[in-house]
Amino acid sequence: MRASEDPVSEANPVREEILRWLAESVPLERQSIEALLDVPPSAQMGDYVLPCFALASELKRPPAEIASELAGGFVPNDRVLRAAAAGPYLNFFVNRPLMTSHVLRQVHELGADYGKADSGAGKNVVIDYSSPNIAKHLGVHHLRSALIGRSLYRIFEALGYNCVGINHLGDWGTSFGKLIAAFERYGDVEAESATVSQLQELYVRFSREADQRPELQDQARRAFQRLEGGEAGATELWKRFKATSVTEFERIYRMLGISFDSYAPESFYLEMTDEVLRRMKQSGLARESEDALIVPLDDYGLPPYMLRKADETTLYATRDICAAEYRWRKYRFHLALYVVGGEQELYFRQLKKVLELMGHQWAERVEHVGFGLLKFRDAETGLLRTGSTRQGEMIPLEEVLRSGVEKARQKIRENLDKLEGGADPDELAAQVGIGAVVFSDLSVKRAKDVVFDWDRMLDFEGDTGPYVQYAHARLCSIMRKAGEEVSPEADCEPLQLPEEWALVRLLERFPSRLRAAAEGREPSMIANYLLELCAQFSAYYSAGMREAQRRVLCGDEATRAARLLLVSAVRHTIRNGLALLGVAAPERM
RNA sequence: GCGCCGGUAGCUCAGUGGAUAGAGCAUCGGAUUUCUAAUCCGACGGUCGGGGGUUCGAGUCCCCCCCGGCGUGCCA
C-alpha cells in the first residue's frame, strides 16, 4: 500500500500551527505541550487552550502572568487568529472555516475509512470471546462477552491490526459427564434428535436429583472419565450434544451478525495436555498435592493453579495453557485478549503467571478483558441475584432478540406512512430491534454490573441504539432529498452557526476516541461518543425544523453546499461508529 | 481474612488531573403547514459513599474506613 493510500487522517493544520508556535515560545518538549493542549469547556472561551500551571512551576512565575505574556507575544496568522489570556489559561481562537474545511474534506475523502489508522499493521491480535458451554441455550448473560469481543475485534481491525476471533467452545469437562450419566439413567431422550432444550432439561433434572443422592455425582465423574478415556459410547453422545449446540449457536450469532475465525474448542487441545503436564512436572513447576497436580504460586501471593484433579481428569486450566501455547505458535500474537467475565480475574492472573513461569516471554501479551456480571431482580424478594443455569433459571438470548425485533416491528407499523419506499420493514425491524439490544449493552462501561431489564434493553427512545440509527436515517434522508453530489470543494465559510462548529469539533475527535477505545478495551467509549454526536446533530436538525434558514437544504446555494458536506461527514462518522459496535445503520426508518 | 470490581441527580449512566460536574429515564411545561416527533426546547433535580492526603488545581491520583458485588484448590 502506498503511503498516500493509508487510511490515516492527516494532522489538523490549525492545531499543528498552535503546537509549532508553542514549541518555540515555551520551554517544554513538544510531547508535553501536546499533552497539555486541550479544548476549553465552552466554545466561547476559545477553540484551544493551554493551561499555564505546568509552565508556572517550570518558570517559577505566576501562571496568569505567563498566559498574558504569551498572549501578548502571539502573532496572528491565517490559521490561528488570536490568543488571549483568561487568568492562568491561554486561549486560542482559530480560523474556523479553515479547520472546518480540513476536517470535512478529510472525512469526505476517507469515508468508511475515516477514523482508521495503520498503527497495528503486521500485528496479530487474538480475541477469545463468547466461548459458551455446549448443551445449554445461549442466555442473555452470554451477550456481553460476544458483543464486547466482536466490537474490540472491529476496533483493533480499524487500527490496522490483523484480528483472529476465537470461539473457545466449552465442550469438555465434568458437566458433560453429568449429561452422559443423565442420558444413561433416564433413557427417555433420543440422542440423535435431542434438542438443546432437552439437553438442558436433562442436565437440570440430573443436578436436582444429585442434590438428594450424592452417588450420582460419582456416576457423573465416572462418565467423564470414560469420555476422557475415549470410550466410544460416551464419545458418540458427546458429539451429538456438540453438533446440536453449535447449530443453535450459529443461528443466534447470525442474528447478531457475529462471526469467528476459529471455533477451536476446549477438546481441540486435549491431545496437547499430556505433553504439557509432562513438561511441567519435569521442570519442577508442577507437583503433586492432595492427590492432585498443582503449580504452587504462594511466592506470588496467588492460590495454586490446578492442572489435574485427584480423579486423574484434567480441567479447563490445563487446556487453557495448551490453548495459549497453541495460539502463540500459530499466530505469534501481539496481544491475546480474553473477553471473559470479571469474576475470573484471579484465574487469569494465575494463568498468566504460570505461562510466565514456564518461560514464555509472551505471557505479558496475554490479557484478561473482564466485564461486570449480569444480574436479575428477583420478582418475589426484589433482591439481585445471578442467573443459574443449573437451576434452569435463564432468559434465552434468542427470546430477548426476538422481542426486540417484534417491538421494532410494531413501531414500524405505527409509522408506516413515514417509511419511504425502498425500505424492507422486516429487515428494518431486525436492524432496530437487535441494534437496541446491542447498543444498550455496549453503552455501559464494561466493568459495571448490569441488572437485566426488558424495558431498558428494548427501549427505542433517549440514549439508545435506535436514537443513533434514527439520526443516521435522517441524515440519509437529507442526502436523498438533496439529490446532488456532495462537493468536497464546497467553501466552508458559510458554516457560521455555533452548532455547526460544535459538530466539526466532534467529528475531529472521532479518530482519537477510536484509539482511546482500543487502549482501554472499551467499546462504550464509541457508543457514548455516538450519543454525543447524535445529540448535537439532532439539536441542529431540529433548529432547522423551526427556522427555514437553518435547514441544510436552504435557499442559499453556497450555504447548502457547505452544510451538505458537513451533514455527509456526520453521516459517515455515525455509520463508522455503529460498524465498530456491530450495530446496523439503516438508511430509512 | 485477603484480592479484584463498583458507589456521581429519585432511577440508569457519561465524565481516563484543569475553568460553572453532564446526559437519558421519570415528573412538570412547551414545540409538528416545514430536511422523518424513534425528535427537539425548557423546568425540576447533586455534601460526586465518608474521612484524610498529594497538587497551583481532585469526581478523577494515594491512604484509611463504610456499603454492594464477585473471587479466594478438585466446575468453566
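Here is the naming used below: chain letters follow the sequence lines, and residue numbers restart at 1 for every chain.
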Considering only heavy side-chain atoms of A:Tyr316, the closest of B:A76, B:C74, B:U36 is B:A76

Rounded to whole Å, the NZ-C1' distance (A:Lys309 to B:A76) equals 10 Å

Among B:C74, B:G71, B:U34, the one nearest any side-chain atom of A:Ala292 is B:C74

From the candidates B:U16, B:A37, B:C40, the one with an atom nearest any side-chain atom of A:Ala539 is B:C40

Here the distance between atom C1' of B:G15 and atom CD of A:Glu522, to the nearest Å, is 13 Å

Just checking A:Leu315: base, sugar-phosphate only, or nothing, at a heavy-atom cut-off of under 4.0 Å? sugar-phosphate

Item to complete: Determine the contact category for A:Ile412: base if any of its heavy atoms lies under 4.0 Å from a base atom, sugar-phosphate if only primed atoms, P, OP1 or OP2 are that close, otherwise nothing.
Response: base

Side-chain atoms of A:Val49 come closest, of B:A37, B:C35, B:A19, to B:A19

Compare the ring of A:Phe53 with the six-membered ring in the base of B:G57 and state whether they stack (centres under 5.5 Å, planes under 30°).
no

| query | Is the centre of the A:Phe176 ring less than 6.0 Å from the centre of the A:Phe224 ring? | reply | no

Practice item. With heavy atoms under 4.0 Å as the rule, sort A:Pro40 into base, sugar-phosphate or nothing. Key: base

Touch check for A:Pro63, heavy atoms < 4.0 angstrom, all strands: base, sugar-phosphate only, or nothing? nothing

>> Roughly how many Å apart are B:U8 and B:U12, using the P atom of each and rounding to a whole number?
In response: 8 Å

Any chance the rings of A:His168 and A:Tyr269 have centres within less than 6.0 Å? yes

Ignoring hydrogens and geometry beyond distance, is the side chain of A:Asn415 in donor-acceptor contact with the base of B:A37 at under 3.5 Å? no

Of B:C40, B:G73, B:C35, the nucleotide closest to the side chain of A:Ile478 is B:C35

| said: I'd like to know if A:Ser289 reaches the base of B:G73 with its side chain such that a donor and an acceptor end up less than 3.5 angstrom apart. | reply: yes

### Query
Does one side chain, of A:Tyr316 or A:Tyr347, offer a donor that lies under 3.5 Å from an acceptor on the other?
no

Between A:Ala471 and A:Tyr540, whichever has its closest RNA chain B nucleotide further toward 5' is A:Tyr540

Of A:Tyr89 and A:Ser443, the one whose nearest nucleotide on RNA chain B sits closer to the 5' end is A:Ser443

Between the NZ atom in A:Lys178 and the CD atom in A:Gln217, the distance rounded to the nearest 0.5 Å is 5.5 Å

Rounded to whole Å, CG of A:Leu55 lies from P of B:C56 at a distance of 15 Å

I'd like to know whether the aromatic ring centres of A:Phe53 and A:Tyr89 sit less than 6.0 Å apart in this structure. yes

Determine the contact category for A:Val552: base if any of its heavy atoms lies under 4.0 Å from a base atom, sugar-phosphate if only primed atoms, P, OP1 or OP2 are that close, otherwise nothing. base

Self-check item: Rounded P spacing from B:A14 to B:C61 in Å
Solution: 15 Å

Notebook entry, point to check: Reckon A:Ser477 has a side-chain N or O less than 4.0 Å from the OP1 or OP2 of B:U36?
Noted result: yes

Between CG of A:Asp441 and C1' of B:U12 the distance, given in whole Å, is 14 Å

The nucleotide from B:A14, B:A19, B:C40 with an atom nearest the side chain of A:Ser542 is B:C40

Ranking B:C35, B:U39, B:A76 by distance to the side chain of A:Met545, first place goes to B:C35

Please state the C1' separation for the pair B:G30 and B:G68 - nearest whole angstrom. 41 Å

* Could you work out the separation of B:G18 and B:C41 based on their C1' atoms and round it to a whole Å? => 31 Å

From CZ of A:Phe268 across to P of B:A76 the rounded distance in Å is 19 Å

Q: Identify whether NZ of Lys or CZ of Arg in A:Lys136 sits under 6.0 Å from the centre of the six-membered ring of A:Tyr203 and within 45° of that ring's axis.
A: yes

- Query: So what does A:Glu547 touch, heavy atoms closer than 4.0 Å: a base, only the sugar-phosphate, or nothing?
  - Reply: nothing

Please classify the nucleic acid contact of A:Glu532 as base, sugar-phosphate, or nothing, using heavy-atom distances under 4.0 Å.
nothing

Less than 5.5 Å between centroids and less than 30° between ring planes, does A:Tyr470 satisfy that with B:U36? no

(message) Any carboxylate oxygen within less than 4.0 angstrom of a Lys/Arg side-chain nitrogen, looking at A:Arg409 and A:Glu406?
(response) yes

Discussion item. So, does A:Tyr467 get its side chain near the phosphate of B:C40, meaning an N or O under 4.0 Å from OP1 or OP2?
Written reply: yes

*Roughly how far apart, to the nearest Å, are B:G10 and B:G73 at atom P?*
40 Å

Exercise. Base, sugar-phosphate, or nothing: which does A:Val432 touch, judged by heavy atoms less than 4.0 Å apart?
Worked result: base

**OP:** May I ask you to decide whether A:Arg509 forms a salt bridge with A:Glu532, counting only side-chain N to carboxylate O separations under 4.0 Å?
**Re:** yes

Query raised in the report: When you check the gap from the basic side-chain N to the acidic O, do A:Arg505 and A:Glu500 get nearer than 4.0 Å?
Result: no

Would you classify A:Arg550 as touching base, sugar-phosphate or nothing, given that sugar-phosphate means primed atoms plus P, OP1 and OP2, and contacts are heavy atoms under 4.0 Å?
base

When rounded to whole Å, the CG to P distance for the pair A:Leu351 and B:G73 reads 17 Å

Out of B:U36, B:U39, B:G73, minimum distance to the side chain of A:Ser538 belongs to B:U39

Categorize A:Ala535 for me: base, sugar-phosphate, or nothing, with a 4.0 angstrom heavy-atom threshold over every strand shown. nothing

For this session: Look at A:Glu312 together with A:Arg221 and state whether they make a salt bridge at an N to O cut-off of under 4.0 Å.
Result: no

Scoring nucleotides 2-11 of chain B by protein non-hydrogen atoms under 4.0 Å (B base, S sugar-phosphate only, - none) yields -SSSSS----

| message | Could you tell me how far B:C40 sits from B:A76 if I compare only their P atoms? Round to whole Å. | response | 49 Å

| task | Using a heavy-atom cut-off of under 4.0 Å over every strand shown, decide if A:Tyr541 touches base, sugar-phosphate, or nothing. | result | base

Checking all strands, does A:Leu373 fall into the base, sugar-phosphate, or nothing category for heavy-atom contacts under 4.0 angstrom? sugar-phosphate

Looking only at B:U36, B:A14, B:A19, the nucleotide nearest the A:Asn91 side chain is B:A19

Atom CD of residue position A:Glu485 - does it have more than 12 heavy atoms of other residues, nucleotides or ligands inside 6.0 Å? no

Winner on side-chain proximity to A:Ile294, out of B:U36, B:A19, B:G73, is B:G73

